[in-house]
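Heads up, the thing below is written out as structure tokens.
All of these numbers come straight from a predicted model, not from anything done at the bench. Numbering starts at 1 and runs along the sequence shown.
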Amino acid sequence: MGEKRLSSNMSYEEPITRETQKEGEAPHPLEGVSFERAVEKTISDGDRLMKEYSRRENRVFHTIEHPNSLHERGKKMADALGISRESRNIADIAISWHDVVMNVEPANPEKVSATIKRNRGAREGDAPGGVRGNEAESARMMERSMRRVNLEAGREVFSEHQIKTAFFAVEATYPGVELGKDFKGAVFKEYSYYDAVTSQNPEIRRIVDDLEKKGVTKGALFYQPHLEAPLEKGERVPEEVLIMVLDDLGGAGMIGREEFAEEGDREFRELYVNISRPDSTRRLLEGDGEKDKSDRGEAASTMLGWLRSQTSFVAWQMLRFEKIMYLLRGNGQITGDKEVKLRGLVSHFEDNIHGTSERAEETEKKYAEIKDRKGDKAAFAYLARAMHIKI
């Protein structure tokens with residue numbers, strides 16, 4: 001981690017034509033392969049590269065466990081939507097490939113609270129990577145894998161429509177972020193869809209009002225523009241895309257508070273490498289110099305701030321889910337039984353709002369108590385353990 005690895009994908013940049021086959025190879029080594037076997041092979045190729053790249057780049061969150069968990073959630077979502085076996089297969093291919101490429105800029109080594117910067121981007125205009133961003137690169141690698149299967153089978157195992165749908169699904173995982181007018185967070189009640197979604201689900205207003213009483217009124221809004229823009233225009237999107245995109249940012253609504261907390265901690269450790277890397281953690285735990293003391297305080301503040309931010313993150317994902325449901329209703333894409341089943345599946349928002357809020361309050365209180373009684377080293381050690389950082 002910490003270095004861009006554009007070269008790691010070069011083997012997939014070669015043209016996919018019969019001329020790329022090695023001398024002596026059978027012209028159609030996959031001749032007669034079934035669609036199901038082709039899906040297995042494509043998923044296996046994506047999983048293999050995910051393992052290889054995540055190990056090489058020392059990833060913490062974006063490891064093979066990430067798509068594995070999304071496959072399980074995606075299966076439940078596919079059941080709720082009642083989609084065909086082939087559509088489920090295309091969604092599974094997108095899940096396996098969507099985070100294979102994770103190029104980053106390293107964190108500034110001089111600042112303990114600095115983060116890596118992921119080279120996000122799926123389409124022209126996406127910041128910072130545009131069409132050379134991680135989502136675009138992952139989608140292209142997936143497309144090449146699917147087309148290679150077709151070439152080696154000597155026929156169209158994957159149709160153009162299926163390839164384009166899978167490509168769209170990976171593109172749509174690109175996240176945008178809205179930080180509000182003051183760059184300190186977007187305000188829940190100023191959301192352009194707030195009235196629509198609270199009319200659709202009055203419980204949302206109650207939850208937001210309760211958060212306001214606790215002083216939580218805003219936060220960073222992470223959204224998925226390549227899904228939401230067409231929905232806002234009244235267009236339908238493939239259900240494979242819905243599964244991929246809702247799955248990728250949907251943990252806040254689909255999993256319990258303990259699992260959600262652990263996922264958030266892994267994301268923190270992957271982003272904040274100057275705190276979580278073993279040599280950095282050791283210095284923060286043991287160092288006695290002025291910079292060590294200063295960095296220890298800054299690291300603790302950053303960690304506690306992350307825990308507090310998880311509540312607003314969940315609140316925003318709750319509002320986004322309601323917006324997406326509202327738009328799907330409007331374009332006639334989801335009705336009746338499908339909506340009931342999907343809502344039953346994505347039903348953990350309120351519990352995770354309470355869970356993240358309680359966890360942040362309890363952790364901050366205990367940290368302060370330990371710091372007063374035993375000093376900042378012991379308090380930092382407690383905080384590191386609480387966020388699953390190895391010490």
Side-chain angles (χ1 to χ4, degrees), residues 60-63 65-77 79-80 175 185 188 197 201 203-223 243 245-272 275-276 300 302-325 341-370 382-390:
V60 178
F61 178 71
H62 289 100
T63 65
E65 283 73 22
H66 176 56
N68 283 349
S69 65
L70 296 193
H71 282 304
E72 290 301 313
R73 298 175 203 170
K75 190 181 302 181
K76 296 174 183 177
M77 204 172 292
D79 287 342
F188 304 141
V197 301
N201 184 354
E203 287 298 297
I204 302 298
R205 189 180 296 275
R206 174 187 60 77
I207 294 169
V208 172
D209 285 345
D210 288 345
L211 282 172
E212 190 172 41
K213 293 173 185 175
K214 295 182 177 181
V216 181
T217 61
K218 59 185 179 179
L221 163 57
F222 290 92
Y223 63 103
I243 289 172
V245 177
L246 290 176
D247 204 357
D248 197 34
L249 263 183
M254 294 183 70
I255 57 179
R257 59 172 68 185
E258 289 185 9
E259 187 178 355
F260 180 73
E262 289 179 6
E263 281 197 359
D265 289 350
R266 288 199 301 273
E267 176 81 341
F268 177 90
R269 298 198 305 275
E270 184 170 289
L271 287 168
Y272 290 88
I275 295 174
S276 63
T302 299
M303 295 160 79
L304 293 169
W306 172 272
L307 293 178
R308 288 192 296 269
S309 75
Q310 295 299 283
T311 302
S312 59
F313 173 82
V314 178
W316 268 122
Q317 295 314 304
M318 174 185 67
L319 287 165
R320 274 192 68 243
F321 175 75
E322 286 297 333
K323 170 194 172 179
I324 291 167
M325 296 299 290
K341 288 180 178 178
L342 193 56
R343 285 186 176 281
L345 181 61
V346 187
S347 60
H348 292 273
F349 289 119
E350 185 169 11
D351 184 49
N352 278 321
I353 284 172
H354 292 314
T356 53
S357 178
E358 290 166 10
R359 185 189 187 206
E361 290 175 7
E362 291 169 4
T363 304
E364 189 161 13
K365 181 180 178 181
K366 191 165 183 180
Y367 169 81
E369 290 174 352
I370 295 173
Y382 156 74
L383 193 51
R385 290 191 191 95
M387 294 187 68
H388 301 92
I389 295 175
K390 292 182 180 179

Inter-residue atom distance I243.CD1 - D248.CG, 0.5 Å rounding: 13.5 Å
Charged N-O contact under 4.0 Å between D209 and K213: no
pair T363-M387: side-chain heavy atoms closer than 4.5 Å: no
Side-chain donor/acceptor of R269 to backbone N/O of H388, under 3.5 Å: yes
Close side-chain approach of K214 and S357, heavy atoms under 4.5 Å: yes
Flag, side chain of E270 to backbone of H62, donor-acceptor distance under 3.5 Å: yes
Flag, side chain of Q310 to backbone of T356, donor-acceptor distance under 3.5 Å: no
For R343, salt bridge (charged side-chain N to carboxylate O under 4.0 Å, His left out) partners two or more places apart: E322, E339
Closest heavy-atom pair and its distance - F313, A252: CE2-CB, 4.5 Å
Any residue meeting ring-ring contact (aromatic ring centres under 6.0 Å, His included) with F61, in chain and number order, not counting sequence neighbours: H66
Rounded distance [0.5 Å steps], CG in L221 versus CH2 in W316: 5.0 Å
Spacing of N352 atom CG and I255 atom CD1 [to the nearest 0.5 Å]: 6.5 Å
Gap separating the CZ atom of R266 from the OG1 atom of T63, nearest 0.5 angstrom: 7.0 Å
Sequence-distant partners of E358, side-chain contact (heavy atoms from CB on, under 4.5 Å), two or more places apart: R257, H354, E362
Heavy-atom side-chain proximity of E212 to F188 below 4.5 angstrom: no
Distance-minimising heavy-atom pair for L342 and M325: CD2-SD, 3.8 Å
Nearest non-hydrogen partners of Y367 and A300, listed with the distance: OH-CB, 3.2 Å
Rounded distance [0.5 Å steps], CG in L383 versus OG1 in T302: 10.0 Å
Charged N-O contact under 4.0 Å between E364 and R308: yes
Electrostatic pair D265-R359, nearest N-O below 4.0 angstrom: yes
From CZ (F321) to CG (L249), nearest 0.5 Å: 13.0 Å
Results of ring-ring contact (aromatic ring centres under 6.0 Å, His included) for F268 - residues two or more places apart only: Y272, W306
Partner set under side-chain contact (heavy atoms from CB on, under 4.5 Å) for E72, not counting sequence neighbours: K75
Residue list, salt bridge (charged side-chain N to carboxylate O under 4.0 Å, His left out) with R73, at least two apart or on another chain: E259, E263
